[in-house]
**Student:** 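Let me begin by handing over the structure; questions about it come next.
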Amino acid sequence: MRTHVLAALHAALPGLPNEVAARVEVTPTRDPAHGDMATNAAMVAAKQAGRKPAELAASIAQALNAAGVAEASVAGPGFINLRLAPATLRAQVPVILEAQEAYGDSFVGQGVHVNVEYVSANPTGPMHIGHCRGAVVGDALSNLLAKAGYAVTKEYYINDAGAQVAALAWAAYWRYLQAIGTALTEDDFAAIVPGGLQYRGDYLVPVGNALAAEHGRSLAGEDATPAAPSVWLDTVRDTTIATMLDSIREDLAALGVVQDVFTSERALLEGGAADRAIAALRAKDLIYEGVLEPPKGRTPEDWEPRPQTLFRATQYGDDVDRPLQKSDGSNTYFANDIAYHADKAARGAAVMIDVWGADHGGYVQRMKAAVRALSDGRDTLDVVLCQIVHVLRGGQPVRMSKRAGSFVTLRDLIDEVGRDAVRFTMLTRKPDAQMEFDLDLAVAKTRENPVFYVQYAHARCRSLFRRAAEHVPAERLGEEALAQAELGLLTAEPELALLRRLVAWPRTVEAAALAREPHRIAFFLYDLAADLHMMYNRGNDDAALRIIQDPPSDAMLPRLALVAATASVIRSGFRVLGVTPVEEMR
RNA sequence: GGACCCGUAGCUCAGCUGGAUAGAGCGCUGCCCUCCGAAGGCAGAGGCCGAAGGUUCGAAUCCUUUCGGGUCCGCCA
């Protein structure tokens with residue numbers, strides 16, 4: 001289309017400079033009254049040409065109409081509106097019916113290998129609601145990118161190294177001692193734990209029991225007293241992490257999330273990845289020993305200047321250089337994370353996308369800096385930050401306390417409102433806006449609830465076919481038969497509006513993928529559902545516009561073709577979101 | 001003190017990367033079923049896009065400043 005416009009522009013204005021032509025855009029309109037597409041060609045070129053935009057637009061439109069591509073008209077300050085001939089729109093129906101859920105698949109990704117890392121909850125306990133949004137956003141984003149033609153790897157990073165994991169092992173060990181009948185009280189035990197006893201939730205009780213069943217009393221000292229950590233720590237830690245990870249995988253599966261790669265931080269570090277990554281940066285002269293300034297305005301009590309090993313993050317747009325080693329000489333988490341991203345790059349990810357919680361916002365710049373530094377700018381890291389989710393019940397915030405009565409786990413959430421509602425609802429906000437998750441709304445059967453509304457549209461489509469089968473032989477209702485229908489009979493405005501929406505699906509997929517915004521898919525489906533409901537309801541006002549007619553009218557099969565195409569695109573969108581379409585409402 | 005995110009209808013939020021008269025849902029007013037699923041649809045009222053400057057043919061969108069709300073700020077991962 002754009003080439004046609006440029007041709008017309010050049011016809012009207014010979015000798016137009018290329019830099020002006022480059023600014024010509026042909027974009028879909030916001031308002032259907034303005035046609036299907038519009039171009040700014042006249043306004044962009046007017047100044048250079050020394051002519052009035054409206055006048056120039058008129059001559060361009062004339063050229064376009066003469067070319068016969070579409071109906072062109074001048075509007076507003078000099079826009080040229082282009083209305084596709086209805087026949088062009090209708091011709092897409094067989095295309096959709098043939099492609100089915102593959103409609104909207106795109107090649108914009110050009111097969112570029114993208115690694116999407118999400119969830120990555122520490123394996124120290126069951127998943128809670130805080131993890132849920134990232135899990136859904138990451139998963140839907142992965143599906144979206146795959147549909148847009150990227151080669152996607154879904155990845156989970158297991159933080160199984162460091163102090164937290166040791167604390168977890170101690171907590172599990174306590175449950176083990178209990179299982180074999182220790183005489184110690186919890187306070188007695190807590191007193192000997194380095195850093196104090198954490199993770200006191202009873203979800204570790206089964207782990208303790210399992211350890212007792214497998215190892216008997218061999219991990220403990222006399223009379224079920226604590227043994228030296230060298231006796232038990234590695235065993236308990238590995239067992240506990242494995243158990244926690246299994247539990248997390250189950251939770252993810254319940255949410256419909258299945259990831260391709262689980263990378264262990266511990267395994268990476270034991271393979272020397274951190275040292276290699278730091279050495280690589282050092283070779284680029286990006287590492288030095290230095291002393292950081294204290295944060296302004298809010299200096300910690302125990303602040304004292306101290307020489308540290310620093311990465312020159314400021315050379316890549318960060319605010320300050322970032323430490324790679326703690327004062328005891330061990331690596332910071334950042335150093336380990338650099339190693340992890342180097343590993344992802346080495347595995348072929350030219351584009352990395354990390355889905356993080358809002359509390360990691362201050363971490364984005366340094367990580368991007370590191371990725372660029374490691375690859376000399378070839379690889380890129382995009383970070384999708386998911387803001388906090390507030391859960392509401394009866395209009396009141398649900399307290400996230402661990403006391404019984406107010407749930408905190410992901411599993412509880414899924415059990416209460418269902419997987420599809422959780423997923424869709426989490427995607428009805430852009431990730432970087434805070435959101436409220438209204439438990440009552442998520443299961444409501446009204447238009448307020450987008451999940452319901454879109455599901456209803458799909459069910460309605462299916463229902464129409466069940467009704468149609470009562471009047472028309474089944475062989476005329478298949479995709480191939482419908483593609484042959486007399487589509488020229490689709491002339492009513494609600495039908496054409498629905499058609500225009502369906503045709504917008506491919507570019508919606510592309511735009512959402514490029515922006516890394518899966519929520520746009522959810523909004524598209526909502527709009528599509530509205531168009532379907534509107535077309536359907538028009539039949540209530542005017543019997544001639546009903547889809548199912550008895551006896552069958554000529555327009556019935558073309559309308560059913562449109563309905564089938566709609567259902568297909570809804571399924572296509574649901575597949576991206578990870579939502580299961582329903583055949584009927586109950 | 002600094003960094004990042006968000007301020008759009010009374011409420012909850014979109015706004016397709018700079019386009020035309022800023023859109024949905026809820027709530028409010030009034031309509032549409034002797035049934036193609038009313039679990040829906042139509043119409044109306046409701047806005048200085050937090051504020052002020054700037055960039056240009058054109059700004060909710062980009063830049064600067066500013067005011068609210070949220071996240072966070074060297075040895076936590």
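Per chain, numbering begins at 1; letters A, B, ... match sequence-line order.
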**Student:** Going by atom type alone, with no hydrogens or angles, which donor-acceptor pairs under 3.5 Å involve a side-chain atom of residues 354-364 of chain A and a protein atom two or more places apart or on another chain?
**Tutor:**
unit_1: A/Asp354; atom_1: OD1; unit_2: A/Lys344; atom_2: NZ; d: 3.1
unit_1: A/Asp354; atom_1: OD2; unit_2: A/His341; atom_2: NE2; d: 2.6

**Student:** Would you list the atom pairs, donor with acceptor, under 3.5 Å between side chains in residues 508-515 of chain A and any protein atom, with sequence neighbours excluded?
**Tutor:**
unit_1: A/Thr508; atom_1: OG1; unit_2: A/Ala504; atom_2: O; d: 2.8
unit_1: A/Glu510; atom_1: OE2; unit_2: A/Ser106; atom_2: OG; d: 2.9

**Student:** Among residues 306-319 of chain A, which ones have heavy-atom contacts with RNA chain B below 4.0 Å?
**Tutor:**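 The answer is A/Arg306, A/Gln308, A/Asp319.
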**Student:** Output a table of donor-acceptor pairs, distance under 3.5 Å, between side-chain atoms of residues 427-434 of chain A and any protein atom two or more places apart or on a different chain; print 'none' if there are none.
**Tutor:**
unit_1: A/Thr428; atom_1: OG1; unit_2: A/Thr425; atom_2: O; d: 2.6

**Student:** When the P atoms of B/U21 and B/U64 are considered, how many whole Å apart are they?
**Tutor:**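 After rounding to an integer number of Å, I get 28 Å for this pair.
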**Student:** Within this structure, what is the CG-to-P distance between A/Leu441 and B/G27, rounded to whole angstrom?
**Tutor:**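 Distance, rounded to whole Å: 11 Å.
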**Student:** Applying side-chain hydrogen bond (donor to acceptor under 3.5 Å, both in side chains), name anything that partners A/Tyr340, two or more places apart in sequence or on another chain.
**Tutor:**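 Listed in chain order: A/Glu155.
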**Student:** Among B/G41, B/G37, B/C4, which is the nearest nucleotide to the side chain of A/Met534?
**Tutor:**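 From the listed options, B/G41 comes nearest.
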**Student:** What residues in residues 502-516 of chain A put a non-hydrogen atom under 4.0 Å from any atom of RNA chain B?
**Tutor:**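 A/Ala511, A/Ala515 - these, ordered by number, are the residues of the stretch whose heavy atoms sit under 4.0 Å from the strand.
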**Student:** With sugar-phosphate meaning primed atoms plus P, OP1 and OP2, does A/His360 contact a base, only sugar-phosphate, or nothing at under 4.0 Å between heavy atoms?
**Tutor:**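 A/His360: base contact, heavy atoms under 4.0 Å.
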**Student:** Given B/A39, B/A77, B/G25, which nucleotide is nearest the side-chain atoms of A/Tyr333?
**Tutor:**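 For the A/Tyr333 side chain, the nearest candidate turns out to be B/A77.
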**Student:** Taking CG from A/Leu464 and C1' from B/C36, how many angstroms apart are they, rounded to a whole number?
**Tutor:**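 Taking CG of A/Leu464 and C1' of B/C36, I get 6 Å after rounding.
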**Student:** I'd like to check the side-chain hydrogen bond (donor to acceptor under 3.5 Å, both in side chains) partners of A/Glu517; sequence neighbours left out, ordered by chain and number.
**Tutor:**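 Counting only residues at least two positions away or on another chain, A/Glu517 forms a side-chain hydrogen bond (donor to acceptor under 3.5 Å, both in side chains) with A/Arg520.
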**Student:** Please confirm whether the shortest side-chain N or O distance from A/Arg460 to OP1 or OP2 of B/G37 is below 4.0 Å.
**Tutor:**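 Looking at the OP1 and OP2 atoms of B/G37, neither is under 4.0 Å from any side-chain N or O of A/Arg460.
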**Student:** Between A/Gly357 and A/Lys445, just flag the one whose closest nucleotide in RNA chain B comes earlier from the 5' side.
**Tutor:**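 Checking each residue's closest nucleotide, the 5'-ward one belongs to A/Lys445.
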**Student:** Main chain of A/Asp318, side chain of A/Lys368: is a donor-acceptor contact present, judged purely on distance under 3.5 Å?
**Tutor:**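 Side chain of A/Lys368 to backbone of A/Asp318, a donor-acceptor pair under 3.5 Å: no, none is there.
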**Student:** Any idea if B/U17 is syn or anti, going by the 90°-from-0 cut?
**Tutor:**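 Syn, angle within 90° of zero.
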**Student:** Mind checking who B/C4 pairs with, Watson-Crick or G-U wobble, both distances under 3.5 Å?
**Tutor:**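 When the pairing criteria are applied, B/G70 turns out to be the nucleotide that pairs with B/C4.
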**Student:** Rounded to whole angstroms, how far apart are CG on A/Asp440 and C1' on B/C26?
**Tutor:**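 Taking CG of A/Asp440 and C1' of B/C26, I get 14 Å after rounding.
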**Student:** Using whole Å, report how far CD of A/Glu293 lies from P of B/A3.
**Tutor:**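 That distance rounds to 16 Å.
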**Student:** Got a sec, which residues hit ring-ring contact (aromatic ring centres under 6.0 Å, His included) with A/Tyr456, two or more places apart in sequence or on another chain?
**Tutor:**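 A/Phe452, A/His533.
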**Student:** When rounded to the nearest Å, what value does the distance between P atoms of B/G18 and B/C63 take?
**Tutor:**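 Rounded to whole Å, the distance is 10 Å.
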**Student:** Which residues, if any, of residues 537-545 of chain A bring a heavy atom under 4.0 Å of RNA chain B?
**Tutor:**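 Contacts with RNA chain B under 4.0 Å: A/Asn537, A/Gly539, A/Asn540, A/Asp541.
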**Student:** Select base, sugar-phosphate, or nothing to describe what A/Arg546 touches, counting heavy atoms under 4.0 Å on all strands.
**Tutor:**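 Base, at least one base heavy atom under 4.0 Å.
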**Student:** Can you pull every protein N or O that's under 3.5 Å from an N or O on nucleotides 11-13 of chain B?
**Tutor:**
unit_1: B/U12; atom_1: O2'; unit_2: A/Arg429; atom_2: NH2; d: 2.9
unit_1: B/C13; atom_1: O5'; unit_2: A/Arg429; atom_2: NE; d: 3.3
unit_1: B/C13; atom_1: O2'; unit_2: A/Arg429; atom_2: NH1; d: 3.4

**Student:** Given atom CD of A/Glu495 and atom C1' of B/G41, what is their separation to the nearest angstrom?
**Tutor:**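 So the CD-C1' distance, A/Glu495 to B/G41, works out to 16 Å.
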**Student:** Per the atom types in the model, does the base of B/A38 pair as donor or acceptor with the side chain of A/His533 at under 3.5 Å?
**Tutor:**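 Per atom types, no contact qualifies.
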**Student:** Looking at residues at least two apart in the chain, or sitting in another chain, which of them share a ring-ring contact (aromatic ring centres under 6.0 Å, His included) with A/Phe311?
**Tutor:**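 Counting only residues at least two positions away or on another chain, A/Phe311 forms no ring-ring contact (aromatic ring centres under 6.0 Å, His included).
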**Student:** Establish, from distance only, whether the side-chain atoms of A/Gln164 and A/Asn122 form a donor-acceptor pair under 3.5 Å.
**Tutor:**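 Yes, a side-chain donor-acceptor pair sits under 3.5 Å.
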**Student:** Testing A/Asp382, A/Val383, A/Thr380 one by one against A/Ile353 for a side-chain contact (heavy atoms from CB on, under 4.5 Å), which residue passes?
**Tutor:**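 Exactly one candidate clears the test, A/Asp382.
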**Student:** Is there a side-chain polar atom (N or O) of A/Arg467 under 4.0 Å from OP1 or OP2 of B/C36?
**Tutor:**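 No, because none of the side-chain N or O atoms of A/Arg467 sits under 4.0 Å from OP1 or OP2 of B/C36.
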**Student:** May I ask you to say what A/Glu584 touches in the nucleic acid, namely base, sugar-phosphate or nothing, with a heavy-atom cut-off under 4.0 Å?
**Tutor:**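 Here A/Glu584 touches the bases of the nucleic acid.
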**Student:** Should B/U17 form a Watson-Crick or G-U wobble pair with both distances under 3.5 Å, which nucleotide is its partner?
**Tutor:**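 WC or wobble partner does not exist here.
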**Student:** Would you confirm whether A/Trp505, through its side chain, and A/Tyr103, through its main-chain N or O, come within 3.5 Å as a donor-acceptor pair?
**Tutor:**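 Indeed, once roles are kept as given, a pair shorter than 3.5 Å links the two residues.
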**Student:** Can you tell me if A/Glu293 has over 12 outside heavy atoms packed within less than 6.0 Å of its CD?
**Tutor:**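 Not more than 12 within 6.0 Å, no.
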**Student:** It should be established whether A/His390 places a side-chain nitrogen or oxygen under 4.0 Å from OP1 or OP2 of nucleotide B/G69.
**Tutor:**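 A/His390 to B/G69 OP1/OP2: no side-chain N or O under 4.0 Å.
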**Student:** Using the side-chain heavy atoms of A/Glu517, tell me which of these nucleotides is nearest: B/C5, B/G15, B/G25.
**Tutor:**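 My answer, after comparing the listed nucleotides, is B/G15.
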**Student:** Considering only side-chain heavy atoms of A/Met585, which listed nucleotide, B/C5, B/G41, B/A39, is closest?
**Tutor:**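 Looking only at side-chain atoms, A/Met585 lies closest to B/A39.
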**Student:** Using the rule for Phe, Tyr, His and the six-membered ring of Trp, do A/Tyr456 and B/G40 stack at under 5.5 Å and under 30°?
**Tutor:**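 Base of B/G40: not stacked against A/Tyr456.
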**Student:** When you get a sec, tell me which of B/G15, B/C26, B/C5 is the closest nucleotide to the side chain of A/Arg520?
**Tutor:**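 Selected nucleotide (nearest to the side chain): B/G15.
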**Student:** Kindly say if A/Tyr526 contacts the phosphate of B/G15, meaning a side-chain N or O under 4.0 Å from OP1 or OP2.
**Tutor:**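 Negative; the distance criterion is not met.
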**Student:** Taking the minimum atom-to-atom distance to the side chain of A/Asp359, which one of B/A77, B/C72, B/A39 wins?
**Tutor:**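 Nearest nucleotide to the side chain: B/C72.
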**Student:** Checking side-chain contact (heavy atoms from CB on, under 4.5 Å) against A/Thr566, which of A/Asp531, A/Leu464, A/Leu532 comes through?
**Tutor:**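 The residue from A/Asp531, A/Leu464, A/Leu532 that satisfies side-chain contact (heavy atoms from CB on, under 4.5 Å) with A/Thr566 turns out to be A/Leu532.
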**Student:** Mind checking side chain to side chain contact (heavy atoms under 4.5 Å, CB included) for A/Ala274 and listing every partner two or more places apart, or none if nothing turns up?
**Tutor:**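 For A/Ala274, the residues satisfying side chain to side chain contact (heavy atoms under 4.5 Å, CB included) (neighbours in sequence not counted) are A/Leu269, A/Asn331, A/Asn336, A/Ala339.
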**Student:** Within 90° of 0 counts as syn, otherwise anti: where does B/C33 fall?
**Tutor:**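 This nucleotide is in syn.
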**Student:** Quick test of the criterion, 5.5 Å between centres and less than 30° between planes. Is A/Tyr536 stacked on B/C36 or not?
**Tutor:**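 Whether judged by distance or by angle, A/Tyr536 passes, so it stacks on the base of B/C36.
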